[in-house]
Amino acid sequence: MQLYNSLSRRKEEFIPVKEGQAGVYVCGPTVYGHAHLGHAKSYVSFDVLVRYLRYLGYATTYVQNITDVGHLTDDGDEGDDKLAVAAQKEKKHPMALAEYYTRSFFEDMDQLNCVRPDISPRATGHITEQIELIQTLIDKGVAYEANGSVYFEVAKFEGYGKLSGRNTDEMISGTRVEVSPDKKSPTDFALWKKAEANHIMQWPSPWGRGFPGWHLECSVMSMKYLGVTIDIHGGGLENKFPHHECEIAQSEAANEAPFVKYWMHNNMVTVDGTKMGKSLNNFITLKEAFTGHHERLTRAYDPLAVRQLILNSHYRSPLDFSDAALYAALSGYTRITEAVQAVRKALAAATEGDLNPAIQAQLTAFKARFEEAMNDDLNTSVALSVLFDQVRLTHTLLSEGKATQATLHAIDDQFTLLGGDVLGIVKSSYNQAGAGTDDSLVDKLVTLLIDQRQHARKAKDFATSDLIRDKLAEAGVELKDTPNGTDWSLK
RNA sequence: GGCGGCGUAGCCAAGUGGUCUAAGGCGACGGUUUGCAAAACCGUUAUUCGUCGGUUCAAAUCCGACCGCCGCCUCCA
């Protein structure tokens, strides 16, 4: 598999540190608010990476941190802790706030059908390790204590800037924030920050009470769970600098070994063509997208339609969310879903017999094209197009009505494998009533009305049958007449 | 100001030197099917890839200029 490595700026063959194994670390959320569309793009993209690595047979360990301390409102090391600020606003303890939004995050990611990371380490759970790493860096002479805080001395680390393509001179001249007098150089960054007395989140350390700098947690936790050199480190493009640059500096200075083999960065999300900002009134959380409670959305969107929209473009391309784009993705998603449901329904009534070799050959060709696309730096857009080709094949085959159980099984298995296991947009099972309800009363009433409509149709009383269909449609129940009877689904 | 990216049909989007008179999805239109629909299937929908110029036997793909948009350097995945 070829992956684009942000460090080398080109596609490279993926060769893990340990044969047959893959260690993936992805920068997780800072849990001070509900997850939004930007989080969705990032975590769906890396979810597909992890799923595909597993599909290829790599024993994959997926680590994604939860940042619950240290991420400042200002990367110049001068702002307040984001969690502390939000906690004060919501009148909650920072840990309560972190817990609340961590749960919210997992809920949303589950909705998007992202596999849970194997380990979701919290920054606050690794204070000891962070202090140890700081001490190592001081001992090696690349970090210094000043007035209760500890800074990393960038000038002592030769490779600083190799990921983001910046040099320190430019950075100094471009500095826009006021520089702390404690720093030897404006480019130095905080490893440990001295806490004021009123700061709730603080821990004892050899340098007095304080809290860790934001960049440190990723170095410490990736090292702890994946080793000194990890295979893949993923994150958003906006974190390339300074966050990832600082991670490299800390980790490589401490371990004297390469930190990451493959750096992967996903591109950003815009909404209606402009960047998503809290102040721009175009900030859409996932919960808002799933419920439709946002002025820019005309309806609620199935979480997997959001997933489909994300997979429709490449992870390294920017993605513009709009109601129209979401709607288009929903239509496409529905088409795939209905094809899968149709196969499974037909399967129950299919005759026994051999697997149709012509169909088998087409499925094999689809699979090869799918893998070729995914092997090329996770080209999900092309992978998805293969799925649509399989949808067409499926409908054509079903309309002939001659497919054997073995043939339909093969189709279903491939939908489940490629569309389900890898892309995560095909479910292993769907509710009986299509769009789905487990309310048996609704089921009975709709069935009753469908029966009444059938009587009217047989009697050529189309005025009545159409009235029933129209009224049901108004109530959100859509009817479809098929050769085998009438299907219904909730819209 | 510094660094990076993007501009492909009505919309989303893949393709980054020849197989491109450019995947796929959505939408629209025509047809088959249907009592009528819906769904499905078939067909049509970019001789052209922001503009101009250059390199090359050959460019959407490489180079240059220009125009437009976006991101990072401060909040944000």
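Below, chain A is the first sequence line, B the second, and so on; all start at residue 1.
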d(CG, D323(A); P, rG27(B)) in whole Å: 14 Å
Flag for N356(A)-T407(A): side-chain donor and acceptor within less than 3.5 Å: no
Distance between C1' atoms of rG24(B) and rU8(B) (Å, rounded): 14 Å
Sugar-phosphate, base or nothing in reach of G236(A), heavy atoms under 4.0 Å: sugar-phosphate
Out of rG35(B), rG71(B), rC75(B), whichever nucleotide has its closest atom nearest the side chain of Y32(A): rC75(B)
Euclidean distance for C1', rA39(B) against rA58(B) (whole angstrom): 46 Å
T486(A) versus D481(A), side-chain donor and acceptor atoms under 3.5 Å: yes
Between S104(A) and K287(A): side-chain donor-acceptor atoms closer than 3.5 Å: yes
Taking every non-hydrogen atom, the tightest pair across Y25(A) and E217(A): OH-O, 4.3 Å
Cation-pi, F388(A) ring and R392(A) (6.0 angstrom, 45 degrees): no
D302(A): salt bridge (Lys or Arg N to Asp or Glu O under 4.0 Å) partners, not counting sequence neighbours: none
Check: rG35(B) base within 3.5 Å donor-acceptor of D466(A) side chain: yes
Verify stack between F388(A) ring and rG25(B) base, 5.5 Å, 30 degrees: no
d(CG, D389(A); C1', rC41(B)) in whole Å: 14 Å
Nucleotide rA77(B), atom C1' - distance to CG of L112(A) in whole Å: 13 Å
Heavy-atom pair of closest approach, residues M264(A) and L378(A): CE-CD1, 4.1 Å
Spacing of the P atoms in rG50(B) and rU16(B) (rounded, Å): 15 Å
Electrostatic pair R369(A)-D389(A), nearest N-O below 4.0 angstrom: yes
Per N239(A) side chain, nearest of listed nucleotides rA77(B), rA14(B), rC12(B): rA77(B)
Touch class at under 4.0 angstrom, heavy-atom based, for R453(A) against every strand present: base
Interatomic distance, L163(A) CG vs rG4(B) C1' [rounded to whole Å]: 12 Å
S322(A) or R369(A), whichever maps to the more 5' nucleotide of RNA chain B: S322(A)
rC3(B) and rU45(B), which share atom name C1', separated by this distance in whole Å: 41 Å
Duplex segments of RNA chain B, taken as runs of at least three Watson-Crick or G-U pairs that stay under 3.5 Å: B:1-7 with B:67-73, B:10-12 with B:24-26, B:27-32 with B:40-45, B:50-54 with B:62-66
Nearest-nucleotide pick for T270(A), side chain only, options being rC72(B), rG35(B), rC70(B): rC70(B)
Atom pairs under 3.5 Å: protein N/O with N/O of nucleotides 38-40 of chain B:
from, atom 1, to, atom 2, distance (Å)
rA38(B), N1, D481(A), O, 3.1

Sidechain N-carboxylate O distance under 4.0 Å for R453(A), D466(A): no
Closest to the N312(A) side chain, choosing from rG27(B), rA14(B), rC12(B): rC12(B)
Nucleotide rC70(B), atom P - distance to NE2 of H314(A) in whole Å: 22 Å
rA22(B) versus rA60(B) - spacing of their P atoms, nearest Å: 11 Å
Quiz item: cation-pi between K184(A) and Y151(A), 6.0 Å / 45°: no
S317(A) side chain to N267(A) side chain, donor-acceptor N/O pair below 3.5 angstrom: no
Sugar-phosphate, base or nothing in reach of V26(A), heavy atoms under 4.0 Å: nothing
Interatomic distance, F462(A) CZ vs rU34(B) P [rounded to whole Å]: 13 Å
Between rC20(B) and rC12(B) - P atom distance, rounded Å: 25 Å
Rounded C1' spacing from rA46(B) to rC41(B) in Å: 25 Å
Most 5' of A324(A) and V382(A) on RNA chain B, judged by nearest nucleotide: A324(A)
Value in whole Å for how far the P atom of rC72(B) lies from CZ of F241(A): 13 Å
Nearest heavy-atom neighbours spanning E245(A) and K162(A): OE2-N, 3.3 Å
Pairwise P distance, rU34(B) and rA23(B) [rounded to whole Å]: 33 Å
Whole-Å gap separating P (rG15(B)) and CG (N379(A)): 5 Å
Nucleotide nearest S385(A) when distance is taken to its side chain, options rA23(B), rC12(B), rC75(B): rA23(B)
